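Quick note on labels: first sequence line is chain A, next is B, and so on, each numbered from 1. Treat the numbers as computed from the prediction; the structure is a model and nothing was measured.
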Amino acid sequence: MRYNPKTIEPKWQKTWYDNNVFAAVDFDDKPKYYALVEFPYPSGTGMHVGHIRAYTSLEIVARKRRMEGHNVLFPIGFDAFGLPTENYAMQAKIHPRTVTDQNIETFTKQLKDVGFSFDFDRVVDTTDPDYYKWTQWIFLKLFEHGLAYRNKTDVNYCPSCKVVLSNEESQGGACDRCDSPVVQKEKDVWFLKITAYAEKLLDGLKDLETLPRIKTEQENWIGRSVGAEITFAVADTDESLRVFTTRPDTLFGATFMVIAPEHPLLEKARGKIRNKDAIDRYREQARHKSEFERTQLVKDKTGVRLDGLEAINPGTKKRIPIFVADYVMMGYGTGAIMAVPGHDQRDHDFAKTHNLDIVEVIQGGDVTEAAYTDTETGILVNSDFLNGMDVKEAIPATIDFLEKEKLGSRAINYKMKDWAFNRQRYWGEPIPIVHCDDCGMVGVNEEDLPVTLPAVERFEPAADGESPLAAIDDFVNTTCPRCGKPAKRETDTMPQWAGSSWYFLRYTDPKNAKALADYKKLTYWMNVDWYNGGMEHVTRHVIYSRFWHLFLHDIGVTPMGEPYKKRTAQGLILGPDGDKMSKSKGNVVNPMDIVERFGADTLRLYILFIGDYEQSTPWSESGVKGARRFLDKVWRLADHLTDDTPSTEVLKIVHKTINGVNADIEASKFNTAISKLMTLANDLSALEVVPKDAFENLLRLLHPFAPHITEELNERLGNRESLTFAAYPKPDPTYLVDDTITMVISVNGKVRDKIEVAKDTPRETLESLALDSEKTQKFIDGKPIKKVIVVPGKLINIVV
RNA sequence: GCCAGCAUGGCGGAACUGGUAGACGCGCUAGACUCAAAAUCUGGUGGACUUACGUCCGUGUCGGUUCGACUCCGACUGCUGGUACCA
């Protein structure tokens with residue numbers, strides 16, 4: 001009989017899913033293993049090959065762990081709030097609830113068609129009120145602990161559509177929907193104080209098992225920098241300017257100051273500024289510049305000098321000018337800098353444009369030409385008591401001086417900003433806050449959660465940038481939870497990151513109505529042993545969810561500090577043309593097509609064989625064929641089985657494969673694991689008859705990759721037990737070592753001969769064997785032998 | 001600009017801590033089977049020279065360290081990702 005995935009795949013899927021064989025068992029005695037993949041956004045187009053790649057890695061690990069005797073939690077769910085569904089719903093005039101339910105249904109069917117071993121009893125859906133009740137509950141806790149606050153900020157606003165836009169919808173400064181220019185509109189929005197956790201988030205990275213680059217990316221995102229805060233008095237006023245600098249040693253070279261256009265000094269000292277008009281004009285320009293312009297047009301350093309105000313350099317005691325310039329941002333540091341044109345290139349550019357003094361304080365370069373930024377070899381000059389020191393000595397010396405004079409202190413600054421936590425849209429979790437005229441902002445009582453999204457006909461954004469919820473009187477008008485007087489509900493909803501910041505906790509206890517998850521179950525299942533997802537989520541999603549988890553731990557809701565033990569990230573699958581897959585390029589590969597034409601096992605196998613798991617790789621149709629041929633070959637092997645005991649030679653091949661495949665899977669080297677299985681199948685098919693024992697080992701090793709065909713073949717061998725919980729093969733060390741080894745003989749590093757020798761041939765014998773070799777003789781050619789290097793088990797190199 | 005990563009046959013990719021470059025797959029090619037084709041099986045397949053045995057060259061470019069470099073170091077080029085005037 002020929003291999004026909006169309007009949008055997010549905011058969012085994014039915015067996016698995018009808019009997020719930022992948023259900024994780026709470027509090028089981030077996031050691032637990034929690035394998036987590038990033039849950040999908042259920043889009044209308046169904047699964048992408050990228051989803052398959054993202055899930056297949058841990059699918060292999062989960063199936064392998066079950067065979068190794070673990071109680072495995074391998075869950076899946078849906079991150080279903082968000083813009084695409086909402087936009088589609090508006091366009092198609094279907095309620096987002098309906099759209100979401102349909103999409104989830106499609107995804108679930110597709111996941112099962114590929115044979116993923118998820119525990120479908122634990123599916124979570126972030127848009128389910130029973131789920132988002134707890135998302136709201138966590139928000140309330142953050143609010144109670146002062147970690148959620150409201151503040152004014154500028155948002156992208158389209159005056160024509162009267163709608164707030166996301167960054168994505170306002171790229172290049174034009175509205176995505178009507179193409180009119182986007183302006184910045186000031187609005188009161190919610191923030192989460194993630195900066196309060198900056199240090200903890202940095203600390204927690206120490207124990208995370210991951211690629212160095214993943215760690216580096218998070219470190220750079222948090223962006224801790226150590227330096228000093230220095231206070232500059234503003235001459236003839238009571239005002240002062242605080243700056244943050246990483247280079248306090250260059251204090252004596254600060255010849256001017258620059259403040260952000262939004263800096264409060266401009267209001268406070270307004271009376272003293274003589275060129276108000278010019279300043280106002282510049283501030284207005286900066287306000288209208290989109291973030292795009294302000295950050296992309298790097299070349300021209302614009303700015304206006306404040307007439308009538310000067311600062312005093314606390315080192316030199318000299319008066320120095322103050323400028324307003326938009327290259328300084330209010331959002332980082334203190335919104336003001338001391339400019340050291342001699343040793344900072346941006347300041348140097350600015351000084352050149354505006355004809356300002358450039359003073360050299362670190363010797364080594366030519367500061368009239370360019371800023372000299374070498375901190376290793378430079379020596380301080382023109383700096384009073386710092387003269388003669390190197391940069392490393394001068395930094396603490398300056399800080400000591402500033403602290404003594406009460407002009408500044410050591411300071412740490414983070415690049416990471418607080419998390420803007422709001423959207424003015426319908427399809428998101430309502431923020432559970434009530435605005436009361438008397439009590440201010442009050443959290444909804446816990447027993448009144450969830451604050452559900454009202455079922456409405458119209459969910460288009462309301463006018464003037466307000467959420468559609470603002471137009472629904474029934475929703476808005478409520479009573480104050482504290483004083484009982486009439487009050488209004490918050491109408492903003494949460495961003496998409498909210499539901500995904502804690503979903504992995506819900507999987508441990510998905511139906512709990514009393515808590516986000518039972519503490520004992522959390523204790524049993526957490527931490528996540530292995531978390532795989534996209535490289536693009538390594539900064540935002542991973543950091544946000546770590547923040548929520550650390551907070552939940554601090555308030556005693558979860559037992560562990562850091563949620564994840566190990567994190568990996570898969571590479572992108574490109575189109576067959578090497579470009580990113582996209583509808584517009586017409587190079588999208590639909591994974592379900594591959595299932596249809598070649599079978600799910602072929603898809604699973606190929607997607608891991610395609611290349612290094614962490615690297616991006618183009619899709620190849622002919623590569624798929626290769627994966628299918630391999631399965632055909634395995635199928636045919638079953639027709640040549642024998643009960644004879646395998647030869648030592650065969651046992652060696654089998655056990656080396658067991659050893660290699662095991663190691664490769666644990667190291668995410670799925671492509672080489674598969675190539676080793678192919679080699680084993682090739683070797684077995686070269687035999688007259690295939691020992692059954694060797695074949696069964698092959699089936700078990702292959703089972704996590706290609707579960708359907710292996711279950712079928714296993715059944716045909718007469719085995720009653722499913723492979724799902726069959727013992728994973730263990731290598732027998734006696735078959736891993738060879739008695740004889742091939743050693744290379746090289747002359748001056750070039751391979752000239754190979755010899756077969758016993759494993760522990762002594763050095764002297766090897767040397768003489770090498771020197772006597774006919775082939776090497778030719779290259780030694782009577783020249784004097786300088787040295788003979790013997791690397792045990794590898795080679796002998798003769799140097800002449 | 002800065003940070004990180006990558007660069008290996010016709011193609012996707014292997015090569016552990018420096019030690020036989022090109023595993024495995026695709027493609028191509030010759031042969032077997034077939035009336036024929038498909039499928040399958042067997043052999044070959046980095047390049048140049050050579051009747052052959054072989055020899056030389058070869059891991060983006062240039063240089064260095066080493067008995068020995070795809071692997072380490074320096075400079076450069078190109079590609080990918082992240083970030084954005086971060087003080």
Inset, instruction - Would you classify Asp632(A) as touching base, sugar-phosphate or nothing, given that sugar-phosphate means primed atoms plus P, OP1 and OP2, and contacts are heavy atoms under 4.0 Å? - result: nothing

Inset, instruction - Tell which nucleotide pairs with rU45(B), taking only Watson-Crick or G-U wobble pairs whose two distances are both under 3.5 angstrom. - result: rG27(B)

Legend entry - Side chain of Phe609(A) - closest among rU20(B), rG12(B), rG27(B): rG12(B)

Inset, instruction - Please determine, for the side chain of Asp612(A), which listed nucleotide (rC3(B), rG27(B), rA14(B)) has the closest atom? - result: rA14(B)

Inset, instruction - Provide the distance between the two C1' atoms, one in rU66(B) and one in rG60(B), to the nearest whole Å. - result: 23 Å

Legend entry - Quiz item: Asp326(A) side-chain donor-acceptor pair to rC85(B) base, under 3.5 Å: yes

Inset, instruction - Identify whether any heavy atom of Asn413(A) sits under 4.0 Å from a base atom; if not, whether one sits that close to sugar-phosphate; answer base, sugar-phosphate or nothing. - result: nothing

Legend entry - Pairwise P distance, rA23(B) and rG9(B) [rounded to whole Å]: 13 Å

Inset, instruction - Check for a donor-acceptor pair, side chain of Tyr282(A) on one end and backbone N or O of Thr302(A) on the other, with a separation under 3.5 Å. - result: yes

Inset, instruction - Consider only side-chain N and O atoms of His541(A) and Glu38(A), and report whether a donor and an acceptor are under 3.5 Å apart. - result: no

Legend entry - Closest to side chain of Gln615(A), choosing from rC6(B), rA23(B), rG13(B): rC6(B)

Inset, instruction - Establish, with yes or no, whether the OP1 or OP2 oxygen of rG82(B) is under 4.0 angstrom from a side-chain nitrogen or oxygen of Arg540(A). - result: no

Legend entry - Complement of rA15(B), any strand, by Watson-Crick or G-U distances under 3.5 angstrom: none

Legend entry - Distance, nearest 0.5 Å, that separates CG of Asp249(A) from OG of Ser383(A): 8.5 Å

Inset, instruction - Could you tell me whether Phe350(A) and Phe256(A) have their ring centroids closer than 6.0 angstrom? - result: yes

Inset, instruction - Report the nucleotide, chosen from rG12(B), rA14(B), rG19(B), that has the shortest atom-to-atom distance to any side-chain atom of Thr617(A). - result: rG12(B)

Legend entry - Pairwise P distance, rC70(B) and rC53(B) [rounded to whole Å]: 26 Å

Inset, instruction - Scan Asn797(A) against the nucleic acid and name what it touches under 4.0 Å (heavy atoms): base, sugar-phosphate only, or nothing. - result: base

Inset, instruction - Output the single nucleotide from rC85(B), rC67(B), rC24(B) whose closest atom is nearest the side chain of Tyr327(A). - result: rC85(B)

Legend entry - Nearest-nucleotide pick for Trp221(A), side chain only, options being rU83(B), rA14(B), rC24(B): rU83(B)

Inset, instruction - Would you indicate what Ser622(A) reaches in the nucleic acid, counting non-hydrogen atoms under 4.0 angstrom: base, sugar-phosphate, or nothing? - result: sugar-phosphate

Inset, instruction - Respond yes when some side-chain nitrogen or oxygen of Lys787(A) is under 4.0 Å from OP1 or OP2 of rC67(B), and no when none is. - result: yes

Inset, instruction - Among the candidates rU20(B), rG19(B), rU40(B), find the nucleotide nearest to the side-chain atoms of Arg636(A). - result: rU40(B)

Inset, instruction - Searching all strands shown, indicate the nucleotide that pairs with rU40(B) (Watson-Crick or G-U wobble; both distances under 3.5 Å). - result: rA32(B)

Inset, instruction - Just name whichever nucleotide pairs with rC2(B), Watson-Crick or G-U, keeping both distances under 3.5 Å, else none. - result: rG82(B)

Legend entry - Donor-acceptor pair between Ser746(A) and Asn797(A) side chains, under 3.5 angstrom: yes

Inset, instruction - Counting Watson-Crick and G-U wobble pairs only, both distances under 3.5 Å, name the nucleotide matched with rG68(B), or none. - result: none

Legend entry - Euclidean distance, atom CZ of residue Phe630(A) to atom P of rG12(B) [Å, nearest integer]: 23 Å

Inset, instruction - Establish, with yes or no, whether the OP1 or OP2 oxygen of rG25(B) is under 4.0 angstrom from a side-chain nitrogen or oxygen of Asn671(A). - result: no

Legend entry - Nucleotide opposite rA7(B) in a Watson-Crick or G-U pair, distances under 3.5 Å: rU77(B)

Legend entry - Complementary nucleotide for rC53(B) - Watson-Crick or wobble, under 3.5 Å: none

Legend entry - Pairwise P distance for rU61(B) and rU55(B), with rounding to whole Å: 25 Å

Inset, instruction - Tell me whether the OP1 or OP2 atom of rG25(B) has a side-chain N or O from Asn682(A) closer than 4.0 Å. - result: yes

Inset, instruction - Under the side chain to side chain contact (heavy atoms under 4.5 Å, CB included) rule, what do Met416(A) and Leu201(A) come out as? Steps first, then yes or no, please. - result: CA-CA 11 Å; Met416(A) 184 170 65; Leu201(A) 287 166; 4.2 Å; yes

Inset, instruction - Examine the side chains of Asn682(A) and Lys633(A) and answer whether a donor and an acceptor come within less than 3.5 Å of each other. - result: yes

Legend entry - Residue whose nearest RNA chain B nucleotide is more 5′ - Ile674(A) or Asp344(A): Ile674(A)

Inset, instruction - Tell me what Lys676(A) touches on the nucleic acid: a base, only sugar-phosphate, or nothing, going by heavy atoms under 4.0 Å. - result: nothing

Inset, instruction - Could you verify whether a donor N or O on one side chain and an acceptor N or O on the other, from Thr568(A) and Asn532(A), lie under 3.5 Å apart? - result: yes

Legend entry - Interatomic distance at P, rA39(B) relative to rG27(B), whole Å: 9 Å

Inset, instruction - Considering only atom C1', compute the distance from rC16(B) to rA30(B) and round it to an integer number of Å. - result: 37 Å

Legend entry - Whole-Å P distance, rG74(B) and rG25(B): 39 Å

Inset, instruction - Could you check how far OH of Tyr3(A) sits from C1' of rU40(B), rounded to whole Å? - result: 17 Å

Inset, instruction - State whether Asp632(A) and Arg636(A) are salt-bridged, where the test is any N-O pair (Lys NZ or Arg NE/NH1/NH2 against Asp/Glu carboxylate O) under 4.0 Å. - result: no

Legend entry - First encountered from the 5' end of RNA chain B, between Leu795(A) and Thr245(A): Leu795(A)

Inset, instruction - Report yes if a side-chain nitrogen or oxygen of Lys215(A) is closer than 4.0 Å to either non-bridging phosphate oxygen (OP1 or OP2) of rA4(B); otherwise report no. - result: no

Inset, instruction - Between rC41(B) and rC33(B), how far apart are the C1' atoms? Round to whole Å, please. - result: 8 Å

Inset, instruction - Indicate, with a heavy-atom threshold strictly under 4.0 Å, whether Ile610(A) touches base, sugar-phosphate, or nothing. - result: sugar-phosphate

Legend entry - Chi class for rG9(B): syn within 90° of 0, otherwise anti: syn

Legend entry - Under-4.0 Å side-chain N/O to phosphate OP1/OP2 contact, Arg629(A) with rC26(B): yes

Legend entry - Per Ile789(A) side chain, nearest of listed nucleotides rG25(B), rG19(B), rA14(B): rG19(B)

Inset, instruction - Remember a base hit wins even if backbone is also touched, and classify Ser616(A) as base, sugar-phosphate or nothing at under 4.0 Å, heavy atoms. - result: sugar-phosphate

